[in-house]
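Read the structure below first, then the notes.
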Amino acid sequence: MTDSLYERIYEVVKAIPVGHVATYGQVARMAGIPKGARQVGYAMAALGRGAPRPEIPWHRVVNAKGESSIGAEQIKRLEAEGVPFDERGRTDLRVYGWTDYEEEMLFS
DNA sequence: AAGGTGACGCCCG
DNA sequence: ACGGGCGCCACCT
């Protein structure tokens, strides 16, 4: 719980709806860190290191290709809540990708 | 204090 | 579609 930067990232991740996923870059942008995709990944990695944070659905964060960056554990969790992965380990972001109110505005 | 390290992403062959 | 290379930037030692 070091500072507000990670907290902002965690807030965004907590907002990802069940059955949907968001990319690292997307989370970064939504947290106000345009070039911070890596920081998001680092923040996720930090979850396993220090204090436990079971309220944060880290498994709903995938890379820009729609793949899991961590492996089977994540895929298992996502499929359990209705997000399918193909044999190549990818999920369809066009279908399961998360779009919040703010972002939907950009499409209009 | 300086340099190494990523749960990333984009641009090019 | 896919791999390689480079840029990014907060964290850790």
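Note on naming: letters A, B, ... go to the chains in the order of the sequence lines (proteins, then strands), and numbering restarts at 1 for each one.
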Of the nucleotides [options], which has the atom closest to the [X] side chain?
| X | options | value |
| --- | --- | --- |
| A:K35 | C:dC2, B:dA7, C:dC8 | C:dC8 |
| A:A64 | B:dA7, C:dC2, B:dC10 | B:dC10 |
| A:W58 | B:dG6, B:dA7, C:dC11 | B:dA7 |
| A:T23 | C:dC11, B:dA7, B:dG9 | B:dG9 |
| A:I70 | B:dA7, C:dA10, C:dC2 | B:dA7 |

Nearest whole Å is fine: how far is [N] [atom2] from [X] [atom1]?
| X | N | atom1 | atom2 | result |
| --- | --- | --- | --- | --- |
| A:I75 | B:dA7 | CD1 | P | 16 Å |
| A:R29 | B:dG9 | CZ | P | 9 Å |
| A:I56 | B:dA7 | CD1 | P | 17 Å |
| A:R77 | B:dA7 | CZ | P | 17 Å |
| A:M44 | B:dG9 | CE | P | 12 Å |
| A:Q39 | B:dA7 | CD | C1' | 12 Å |
| A:E67 | B:dA7 | CD | C1' | 13 Å |
| A:H59 | B:dA7 | NE2 | P | 19 Å |

Is there a donor on the side chain of A:Y42 or the base of C:dA10 sitting less than 3.5 Å from an acceptor on the other? no

On the side chain of A:R38, is there an atom forming a donor-acceptor pair with the base of C:dC8 - under 3.5 Å, no angle test? yes

Comparing A:A46 and A:R90 on DNA chain C - which has the more 5′ nearest nucleotide: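 The 5'-side residue here is A:R90.
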
Report yes if a side-chain nitrogen or oxygen of A:R49 is closer than 4.0 Å to either non-bridging phosphate oxygen (OP1 or OP2) of C:dC12; otherwise report no. yes

Strictly below 4.0 Å: does A:S69 bring a side-chain N or O up to OP1 or OP2 of B:dC8?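 Indeed, a polar side-chain atom of A:S69 lies that close.
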
Partner of A:S68 by side chain to side chain contact (heavy atoms under 4.5 Å, CB included), out of A:L78, A:I75, A:T91: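 With A:S68 as partner, A:L78, A:I75, A:T91 yield a single side chain to side chain contact (heavy atoms under 4.5 Å, CB included), made by A:I75.
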
Touch class at under 4.0 angstrom, heavy-atom based, for A:G36 against every strand present: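 Nothing, no nucleic acid heavy atom in range.
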
If the threshold is 4.0 Å, N to carboxylate O, is there a salt bridge linking A:R77 and A:E73? yes

same_hphob_cluster(A:M44, A:I33) at 4.5 Å side-chain heavy-atom cutoff: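 Yes, one cluster joins them.
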
Could you state whether A:V95 and A:V62 fall into the same hydrophobic cluster, counting links through intermediate Ile, Leu, Val, Met, Phe, Trp or Tyr residues with side-chain heavy atoms under 4.5 angstrom apart?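 Yes, one cluster joins them.
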
Applying side-chain contact (heavy atoms from CB on, under 4.5 Å), run through A:R53 and A:Y6 and close with a yes or a no. CA-CA 12 Å; A:R53 264 166 270 250; A:Y6 275 27; over 6 Å; no

